[in-house]
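Everything below concerns the one structure shown next.
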Amino acid sequence: MNVYKTEQIRNVVLLGHGGCGKTSLVEAMAHLAGLTKRIGNVSEGNTLSDFDKEETKREISINTSIVPIPWDDCKINVLDTPGYFDFVGEVEEAAQAADAAIIVVSGKSGVAVGTEKAWEICEKYNLPRMFFVANMDDDNASFRQVVDDLTNLYGKRLHRFLCRFEKMKNWWDM
């Protein structure tokens, strides 16, 4: 087991509406990092982050789970948060501990109330953020519609963050 110095550890919170694909994204990240040999599935109840009996039964995240993912010489603690408002306390706590956020949006369902709440949480805690569009393998998914909806919602603020992303390239090297 590797021992990481504080400057090698990053906490990244996944935010978004319930069912948008946060837990599936964690599975893909863990698999790409070589942490797992297979990608777990929420409906099969075999994911890394939804391990509680109630979570596997309901097929939703109830608690924030921390999945440490080694990447290069860093450890990225991915905080997989619930997407349903009943568990907003878990989301708030994770956001306070995070260095940055990934707001997950379903390419099928599009921008939802949870997307807007995620943005508000990022604003509240001054978190750098990016959007990840999930579920693009679905026939009814539309990346263009998600981008258009986000642009309509956030306009210049979204553009400001897109421009700022170029400056964040060295964020991991802090």
Side-chain angles (χ1 to χ4, degrees), residues 1-2 4-33 35-36 39-42 45-72 74-107 109-135 146 150 153-154 157-158 161 164-165 168 171-172 174:
M1 176 185 251
N2 290 342
Y4 295 94
K5 296 178 183 174
T6 304
E7 58 270 8
Q8 295 174 296
I9 300 171
R10 300 288 180 269
N11 297 322
V12 178
V13 63
L14 298 183
L15 303 169
H17 198 76
C20 68
K22 296 180 297 295
T23 300
S24 297
L25 177 58
V26 172
E27 288 295 313
M29 294 168 105
H31 182 70
L32 285 172
L35 198 60
T36 61
I39 296 178
N41 190 309
V42 173
N46 59 5
T47 62
L48 289 172
S49 58
D50 286 350
F51 50 84
D52 182 80
K53 278 178 33 177
E54 197 63 29
E55 290 176 320
T56 54
K57 180 178 129 186
R58 293 185 186 192
E59 296 183 9
I60 63 168
S61 297
I62 295 172
N63 304 297
T64 296
S65 299
I66 303 171
V67 179
I69 297 178
W71 193 261
D72 289 334
C74 290
K75 179 174 81 164
I76 304 168
N77 291 320
V78 179
L79 301 122
D80 182 16
T81 63
Y84 293 96
F85 299 120
D86 296 348
F87 313 109
V88 70
E90 292 281 327
V91 177
E92 289 276 341
E93 290 171 349
Q96 290 179 52
D99 300 311
I102 299 173
I103 301 174
V104 181
V105 181
S106 170
S109 305
V111 175
V113 175
T115 310
E116 296 178 51
K117 292 289 185 189
W119 182 277
E120 290 170 10
I121 288 170
C122 290
E123 289 285 295
K124 180 178 179 179
Y125 296 107
N126 199 29
L127 287 174
R129 69 212 74 150
M130 64 177 275
F131 286 97
F132 180 87
V133 182
N135 304 322
V146 170
L150 289 171
L153 264 176
Y154 302 114
R157 290 186 299 166
L158 179 65
F161 282 98
R164 217 188 267 172
F165 181 73
M168 287 176 45
W171 178 71
W172 295 113
M174 290 164 59

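Treat the numbers as computed from the prediction; the structure is a model and nothing was measured. Residue numbers run from 1 in the order of the sequence given.
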Q) Which value, rounded to the nearest 0.5 Å, describes the distance between Q96 atom CD and L127 atom CG? A) 10.0 Å
(Q) For S65 and D80: C-alpha separation, side-chain torsions, deciding distance, then whether side chain to side chain donor-acceptor pair (under 3.5 Å) applies. (A) CA-CA 5 Å; S65 299; D80 182 16; 5.5 Å; no
Q.
Can you confirm whether L150 sits close enough to T115 that some side-chain heavy atom of one is under 4.5 Å from a side-chain heavy atom of the other?
A. yes
Q: First locate atom OG1 of T36, then atom NE2 of H31, and finally report the distance between them rounded to the nearest 0.5 Å.
A: 6.0 Å
Q | Distance-minimising heavy-atom pair for V111 and V146 | A | CG2-O, 4.2 Å
Q: Measure across A134 and G21 and return the closest heavy-atom pair with its distance rounded to 0.1 Å.
A: CB-CA, 4.4 Å
Q: Might you point out which heavy atoms bring F131 and V105 nearest each other, and give the distance in Å?
A: CD2-CG2, 3.8 Å
Q) Between K22 and V104, is there a donor-acceptor pair closer than 3.5 Å when you use the side chain of the first and the backbone of the second? A) no
Q. Would N2 and K75 satisfy side-chain contact (heavy atoms from CB on, under 4.5 Å), going step by step from the backbone distance to the final call?
A. CA-CA 9 Å; N2 290 342; K75 179 174 81 164; over 6 Å; no
Q. For the atom pair SG (C122) and CG (L15), what is the distance rounded to the nearest 0.5 Å?
A. 5.0 Å
Q: Would you please test V13 and I121 for side-chain contact (heavy atoms from CB on, under 4.5 Å) and show each step?
A: CA-CA 11 Å; V13 63; I121 288 170; over 6 Å; no
Q | Pairing residues for S106 by the side-chain hydrogen bond (donor to acceptor under 3.5 Å, both in side chains) criterion, not counting sequence neighbours | A | N135
Q: Please name all residues satisfying side-chain hydrogen bond (donor to acceptor under 3.5 Å, both in side chains) with Q8, sequence neighbours left out, ordered by chain then number.
A: none
(Q) If we ignore hydrogens and angles and just use 3.5 Å, is the side chain of D99 paired with the main-chain N or O of N11 as donor and acceptor? (A) yes
Q | Check: T81 side chain, L14 main-chain N or O, donor-acceptor pair, under 3.5 Å | A | yes
Q: Output, in order, the C-alpha distance, side-chain angles, deciding distance and verdict of side-chain contact (heavy atoms from CB on, under 4.5 Å) for L32 and I69.
A: CA-CA 10 Å; L32 285 172; I69 297 178; over 6 Å; no
Q. Short question: side chain of R129, backbone of N126 - any donor-acceptor pair under 3.5 Å?
A. no
(Q) Can you give me the closest heavy-atom contact between P70 and Y4, atom names plus distance? (A) CB-OH, 3.5 Å
Q) How would you list, by chain and number, every residue that makes a side chain to side chain contact (heavy atoms under 4.5 Å, CB included) with I66, sequence neighbours excluded? A) N77, L79
